[in-house]
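This report concerns only the one structure given below.
All residue numbers refer to positions in the sequence shown, counting from 1. What you see is a predicted model, and the numbers here were worked out from it, not measured in a lab.
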Amino acid sequence: MEKVIIVEGKSDKIKVETVMKDNVEIICTNGTISIAKLDELIEYLYDKEVYILVDSDDSGEKLRKQFKRELPEAEHLYIDRTYREVATAPEQHIATVLLGADIDVHADFL
């Protein structure tokens, strides 16, 4: 099954791409997401393995709640609250989080 990771912004996407070895599609929501856009996304993600990796802040939590409601089968990945943002979390931490979801990462980040 094809894997997809949903992140908030471009800098999050770049950070995840740096660490990840697997060829996994990364989708940016660019912050909050409209219902129309979300419906479109849900349709696209229908037969894919979906991972949600968003910041540990208010906007990230809001987005996460939206996905939990609309896409209950998605798996939620969490970064440590001390880092707050995916983009500013250390590569090693992101690698560990991804590895926990069976997503292959570059060994030098472990």
Side-chain angles (χ1 to χ4, degrees):
M1 189 183 283
E2 193 184 335
K3 293 179 180 178
V4 176
I5 299 174
I6 296 175
V7 296
E8 282 177 90
K10 198 108 185 106
S11 50
D12 301 339
K13 180 179 180 173
I14 292 164
K15 174 74 79 157
V16 172
E17 280 174 340
T18 306
V19 172
M20 199 169 51
K21 202 170 169 177
D22 279 353
N23 187 14
V24 175
E25 183 180 0
I26 301 172
I27 296 173
C28 292
T29 64
N30 299 312
T32 50
I33 191 167
S34 70
I35 298 298
K37 186 85 180 128
L38 187 60
D39 285 345
E40 206 176 284
L41 192 58
I42 289 166
E43 217 167 281
Y44 172 72
L45 297 169
Y46 175 70
D47 55 353
K48 296 174 175 56
E49 208 172 307
V50 182
Y51 298 91
I52 314 290
L53 180 60
V54 294
D55 297 345
S56 308
D57 58 11
D58 291 344
S59 64
E61 287 308 315
K62 192 176 168 195
L63 197 58
R64 197 179 285 285
K65 274 191 189 120
Q66 212 177 355
F67 278 114
K68 277 184 176 166
R69 245 196 336 267
E70 306 295 332
L71 204 66
E73 63 281 359
E75 188 174 328
H76 290 262
L77 307 178
Y78 296 88
I79 57 159
D80 193 296
R81 278 201 171 286
T82 51
Y83 303 125
R84 292 187 54 96
E85 297 176 2
V86 173
T88 56
E91 275 94 356
Q92 287 83 352
H93 182 64
I94 300 287
T96 308
V97 169
L98 293 174
L99 207 57
D102 282 333
I103 295 169
D104 208 9
V105 296
H106 294 290
D108 39 336
F109 291 115
L110 296 173

Cluster link [X] to [Y], ILVMFWY, side chain under 4.5 Å:
{"X": "L98", "Y": "V24", "answer": "yes"}
{"X": "Y44", "Y": "L71", "answer": "yes"}
{"X": "L45", "Y": "V54", "answer": "yes"}

Looking at residues at least two apart in the chain, or sitting in another chain, which of them share a side-chain hydrogen bond (donor to acceptor under 3.5 Å, both in side chains) with [X]?
{"X": "K68", "result": "Y78"}
{"X": "D22", "result": "none"}
{"X": "E49", "result": "Y51"}

Which heavy-atom pair separates [X] from [Y] by the least distance, and what is that distance?
{"X": "A101", "Y": "K3", "result": "O-NZ, 4.0 Å"}
{"X": "I79", "Y": "S56", "result": "O-OG, 3.4 Å"}
{"X": "R64", "Y": "I52", "result": "NH1-O, 3.7 Å"}
{"X": "P72", "Y": "R69", "result": "CD-O, 3.8 Å"}
{"X": "V105", "Y": "A95", "result": "CG1-O, 3.7 Å"}
{"X": "T96", "Y": "L110", "result": "N-CD2, 4.3 Å"}

Could you tell me whether the side chain of [Y] reaches within less than 4.5 Å of the side chain of [X], counting heavy atoms only?
{"X": "E73", "Y": "V50", "result": "no"}
{"X": "K13", "Y": "V86", "result": "no"}
{"X": "I5", "Y": "I27", "result": "no"}
{"X": "F109", "Y": "K21", "result": "no"}

Starting from M1, walk the hydrophobic network (Ile, Leu, Val, Met, Phe, Trp, Tyr; side-chain heavy atoms closer than 4.5 Å) and list everyone else you reach, by chain and number.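 So far as hydrophobic clustering goes, M1 is joined with none.
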With a cutoff of under 4.5 Å between side-chain heavy atoms, which Ile, Leu, Val, Met, Phe, Trp and Tyr residues group with Y46?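 Its cluster partners, ordered by chain and number, are none at all.
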Using the rule side-chain contact (heavy atoms from CB on, under 4.5 Å), only one of V97, L53, L77 pairs with V16; which is it?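 That would be L53.
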Out of curiosity, [X] [atom1] to [Y] [atom2], how far, rounded to the nearest 0.5 Å?
{"X": "E70", "Y": "L38", "atom1": "CD", "atom2": "CG", "value": "5.0 Å"}
{"X": "E61", "Y": "D55", "atom1": "CD", "atom2": "CG", "value": "9.5 Å"}
{"X": "D57", "Y": "K62", "atom1": "CG", "atom2": "NZ", "value": "11.5 Å"}

Salt bridge (Lys or Arg N to Asp or Glu O under 4.0 Å): which pairs involve residues 98-110, sequence neighbours left out?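 For residues 98-110, and leaving out neighbouring residues, there are no salt bridge (Lys or Arg N to Asp or Glu O under 4.0 Å) pairs at all.
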Just jot down the ring-ring contact (aromatic ring centres under 6.0 Å, His included) partners of H106, sequence neighbours excluded, or say none.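 Expected list: none.
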For E40, give me all partners under salt bridge (Lys or Arg N to Asp or Glu O under 4.0 Å), at least two apart in sequence or on another chain.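 Result, salt bridge (Lys or Arg N to Asp or Glu O under 4.0 Å) vs E40: K37.
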Of all residues at least two apart in sequence or in a different chain, which pass the side-chain contact (heavy atoms from CB on, under 4.5 Å) check with [X]?
{"X": "K15", "answer": "E91, I94"}
{"X": "S11", "answer": "A87"}
{"X": "D80", "answer": "T82, Y83, H93"}
{"X": "T29", "answer": "I6, E8, I33, L63, F67"}

Sub-3.5 Å donor-acceptor pair from the side chain of D12 to the main-chain atoms of G9, do we have one?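 Confirmed, D12 side chain pairs with G9 backbone.
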Intermediate values then yes/no, side-chain contact (heavy atoms from CB on, under 4.5 Å), D47 and E2: CA-CA 8 Å; D47 55 353; E2 193 184 335; over 6 Å; no
